[in-house]
Amino acid sequence: MVFFDIDGTLVPHTSSGQHLAALLGHAEVVRQAEAGYAAGTLSNAEVSVLDARGWATWAPADVRGFLASLPLVEGIAETVDWCRRHGMAPVLATLAWEPVGTYLCDRFGFEQACGPRLEVIDGRYSGEVAEHFDEMAKRDFAVRAAAHRGVELTRCAAIGDSRSDLPLFADVGLAVAFNGTPAARAAAHASAGGADLRSVLPLLGSWLAAMP
């Protein structure tokens, strides 16, 4: 299995949260909150609470429409196809909101995704968080997903870029920092960068070839 992060990895130079917040009307709140998370002064739960308030009264269909303009790196579809052809299940392991993961699964064929959920009442977001999700839950999701397929986590890879990827990086057989922060690069087995996700494929291919 290969676990892909979304924000900072598939979504470059920004996050899906910031992109959506700009369209929902609370961009500055999310920008400051995510900066606090990156600096370690805010937890993911605190960021989620601040962000969720800006979703109040919007409908899921509105957000789905906004996601069509989500900025993405090149080569996602080709990378997913490569993983499948080489017997590796592509999965999204992320702290992005659940609608983002669902959208990317539908668009590119990732097998499943995790992430925090927003409360919906009478067909509209209430502005409250229905389920929090942090970096440890992200790692635990990967453990469960691998176990469900009868695969040891040491025979899985993870592609990510930042703080939220570190617990998962510590447990997988191959951790790749893609456009990673210094902390992510230090925790990873290998690094890649650029505007095309396919730059990770030689690393995945070499790792697969060396696997007993």
Side-chain angles (χ1 to χ4, degrees), residues 1-12 14-21 23-24 44 48 51-52 55 58-120 123 125 129-135 137-151 153 156-162 164-165 167-169 172 174-176 178-179 195-198 200-201 204:
M1 301 180 69
V2 186
F3 297 98
F4 293 88
D5 178 48
I6 292 179
D7 293 330
T9 302
L10 302 187
V11 177
T14 183
S15 71
S16 57
Q18 290 186 39
H19 175 77
L20 290 172
L23 297 168
L24 296 171
N44 183 261
S48 295
D51 188 0
W55 290 59
W58 290 90
D62 298 325
V63 173
R64 181 81 177 191
F66 291 151
L67 285 169
S69 61
L70 185 66
L72 298 167
V73 295
E74 298 292 326
I76 297 175
E78 293 84 356
T79 300
V80 167
D81 179 66
W82 185 96
C83 290
R84 292 188 181 281
R85 287 188 287 105
H86 288 79
M88 305 184 77
V91 172
L92 294 171
T94 177
L95 300 189
W97 291 112
E98 178 271 335
V100 181
T102 298
Y103 169 78
L104 293 175
C105 285
D106 292 345
R107 179 171 172 181
F108 293 108
F110 292 99
E111 294 199 356
Q112 62 185 120
C114 60
R117 293 187 303 106
L118 291 142
E119 182 181 65
V120 177
Y125 294 110
V129 180
E131 181 183 358
H132 286 284
F133 205 88
D134 63 12
E135 56 267 34
K138 177 175 171 176
R139 190 276 315 276
D140 293 345
F141 161 80
V143 170
R144 292 192 302 272
H148 180 72
R149 290 169 172 79
V151 179
L153 209 57
C156 297
I159 316 296
D161 72 294
S162 63
S164 73
D165 300 296
L168 182 54
F169 274 13
V172 293
L174 176 67
V176 178
F178 179 66
N179 294 326
D196 196 312
L197 188 61
R198 285 170 287 190
V200 307
L201 295 183
L204 288 172

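Predicted model, so just to flag it, every value in this text is computed and none were measured. For reference, positions follow the sequence shown, starting with 1.
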- Taking atom CD of Glu78 as the centre, report whether more than 12 heavy atoms of other residues, nucleotides or ligands fall under 6.0 Å from it. yes

- List the steps, then state whether side-chain contact (heavy atoms from CB on, under 4.5 Å) holds for Phe4 with Phe108. CA-CA 12 Å; Phe4 293 88; Phe108 293 108; over 6 Å; no

- Any Arg64 side-chain heavy atom under 4.5 Å of Pro99 side chain: no

- Message: Trp97 vs Tyr125, test: ring pair (Phe, Tyr, Trp, His ring centres under 6.0 Å). Steps then yes/no.
- Response: CA-CA 12 Å; Trp97 291 112; Tyr125 294 110; 8.6 Å; no

- Provide the closest heavy-atom pair for Leu104 versus Phe110 in the form atom of the first, atom of the second, distance. O-CD1, 3.6 Å

- For residues Ala96 and Ile6, report the shortest heavy-atom separation together with the two atoms involved. CB-CD1, 4.1 Å

- From Asp62 CG over to Trp55 CH2, what is the distance, rounded to the nearest 0.5 angstrom? 10.5 Å

- Query: Do you know which two heavy atoms are closest between Val129 and Ala52, and how far apart they sit?
  - Reply: CG2-CB, 3.7 Å

- Query: Using 30° and 60° as the class limits, which term best fits the ring planes of Trp82 and His86: parallel, tilted or perpendicular?
  - Reply: parallel

- Message: Would you compute the distance between atom CG of Asp5 and atom CG of Asn179 and round it to the nearest 0.5 angstrom?
- Response: 11.5 Å

- Atom CD in Glu131, atom CD in Glu98: separation rounded to 0.5 Å? 9.5 Å

- Task: Working to the nearest 0.5 Å, report the span between CZ of Arg198 and CD1 of Ile76.
- Result: 10.5 Å

- Do the non-hydrogen side-chain atoms of His148 and Met1 ever get within less than 4.5 Å of each other? no

- Task: Kindly write out the residues that satisfy salt bridge (Lys or Arg N to Asp or Glu O under 4.0 Å) with Arg107, not counting sequence neighbours, or none if the list is empty.
- Result: none

- Applying the side chain to side chain contact (heavy atoms under 4.5 Å, CB included) test to Asp161, which of Thr9, Val11, Asp7 qualifies? Thr9

- Message: Checking the side chain of Asp106 only, and the main-chain atoms of Tyr103 only, is there a donor and an acceptor separated by less than 3.5 Å?
- Response: no

- Query: CG/Leu24 to NE2/His19 distance, rounded to the nearest 0.5 angstrom?
  - Reply: 9.5 Å

- Could you tell me which non-hydrogen atom of Ala113 sits nearest to which non-hydrogen atom of Phe141, and how far apart they are? C-CZ, 3.9 Å

- Can you tell me how far CZ of Phe3 sits from CG of Leu92, rounded to the nearest 0.5 angstrom? 10.5 Å

- Note on the structure: Between Ala146 and Leu153 the two heavy atoms that sit nearest each other are CB-CD1, 4.0 Å

- Closest heavy-atom pair and its distance - Ala93, Lys138: O-CE, 2.9 Å

- Check step by step if side-chain contact (heavy atoms from CB on, under 4.5 Å) holds for Leu10 and Thr94. CA-CA 10 Å; Leu10 302 187; Thr94 177; over 6 Å; no

